[in-house]
There are 2 protein chains.
Amino acid sequence: MQEAYRALADPHRRTILRVLRGGEETAGDLASATGLRPAALTHHLTVLKLADLVRVERRGQYQVYSLNTTVFQDLVSEVLSWLTEPIPADGTPLPKSGDST
Amino acid sequence: MQEAYRALADPHRRTILRVLRGGEETAGDLASATGLRPAALTHHLTVLKLADLVRVERRGQYQVYSLNTTVFQDLVSEVLSWLTEPIPADGTPLPKSGDST
DNA sequence: GTAGTATTTCAGTAATTACTTAAATACTGA
DNA sequence: TCAGTATTTAAGTAATTACTGAAATACTAC
């Protein structure tokens with residue numbers, strides 16, 4: 001999962017993911033959507049592929065990118081689990097708010 | 001939100017957040033939980049504070065950290081919304097799988 | 001083949017990040 | 001006040017990251 005969290009940290013990459021939620025797009029379309037130059041876009045797409053968040057397929061002249069919804073859902077589920085599965089505190093007592101002096 | 005996404009990108013910071021899910025902890029306890037040296041821990045806590053994901057309160061000798069559940073839930077909600085609110089594709093047609101030559 | 005379009009790779013650079021040690025600060029209890 | 005504990009700040013370094021322009025690759029249509 002580390003690669004997926006890392007992938008989310010960049011706003012351009014989150015834009016790419018959001019655009020791909022609407023369906024597959026060519027690399028060129030993603031470049032327009034993000035305002036990135038080709039080489040910079042490729043860099044971000046590489047990070048997203050490393051995280052297995054997107055898939056590519058060559059279609060003629062184009063590279064067509066799409067969301068790998070499986071991994072994407074796993075990621076969301078993991079973050080969500082943080083809300084629903086609290087980790088019990090260990091027994092170590094902590095000073096209470098009025099405790100000092 | 002950018003700061004929050006950035007904060008999630010580091011595994012030590014995710015550990016800190018998970019530990020705090022179980023209740024407030026002193027900086028020292030968090031250092032033990034993560035295996036970080038004091039100065040490195042402070043660095044990560046600063047990032048988490050910047051993202052408003054954690055709060056601190058001095059309690060005597062200790063600094064007691066806790067989750068800011070509001071922001072934390074906002075973050076989870078936003079990620080979750082990516083699954084439930086697809087962005088409609090624009091009208092631009094894309095080449096279909098069999099299209100080439 | 002050749003020209004044109006789409007995309008990636010390469011090599012280098014600037015900015016950011018995580019970390020270190022040492023010193024400073026904030027508090028406690030005697 | 002002093003010694004001790006907890007934590008942060010400061011200054012520097014090494015690694016990582018995002019980006020650039022230029023060259024290379026992959027394909028299409030003639």
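Naming convention: chains lettered A, B, ... in sequence-line order (proteins, then strands); numbering from 1 in each chain.
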Distance, rounded to the nearest Å, where Leu30(B) contributes CG and dT8(D) contributes P: 10 Å
B/S/- contact track for nucleotides 1-7 of chain C, protein heavy atom under 4.0 Å: ---BBSS
Thr70(A) side chain reached by Asp52(A) side chain, heavy atoms, under 4.5 Å: no
From Leu17(A) atom CG to Asp10(A) atom CG, the distance as rounded to the nearest 0.5 Å: 10.5 Å
Salt bridge Arg14(B)-Glu78(A), side-chain N to carboxylate O under 4.0 Å: no
Hydrophobic cluster identity match, Leu50(B) and Leu20(B), side-chain contacts under 4.5 Å: no
Rounded distance (Å) that lies between atom C1' of dT21(C) and atom CG of Leu41(B): 16 Å
OG1-CZ distance between Thr69(B) and Arg55(B), expressed to the nearest 0.5 angstrom: 9.0 Å
Interatomic distance, Lys49(A) atom NZ to Tyr65(A) atom OH [nearest 0.5 angstrom]: 3.5 Å
Heavy-atom check, side chain of Val19(A) versus side chain of Thr34(A), under 4.5 Å: no
Whole-Å gap separating P (dA18(D)) and CZ (Arg14(A)): 12 Å
Under 4.0 Å protein heavy-atom contacts per nucleotide of nucleotides 12-20 of chain C, with B for base, S for backbone only and - for none: -----SBSB
Shared hydrophobic cluster, Leu45(A) / Leu8(A) (ILVMFWY, side-chain heavy atoms < 4.5 Å): yes
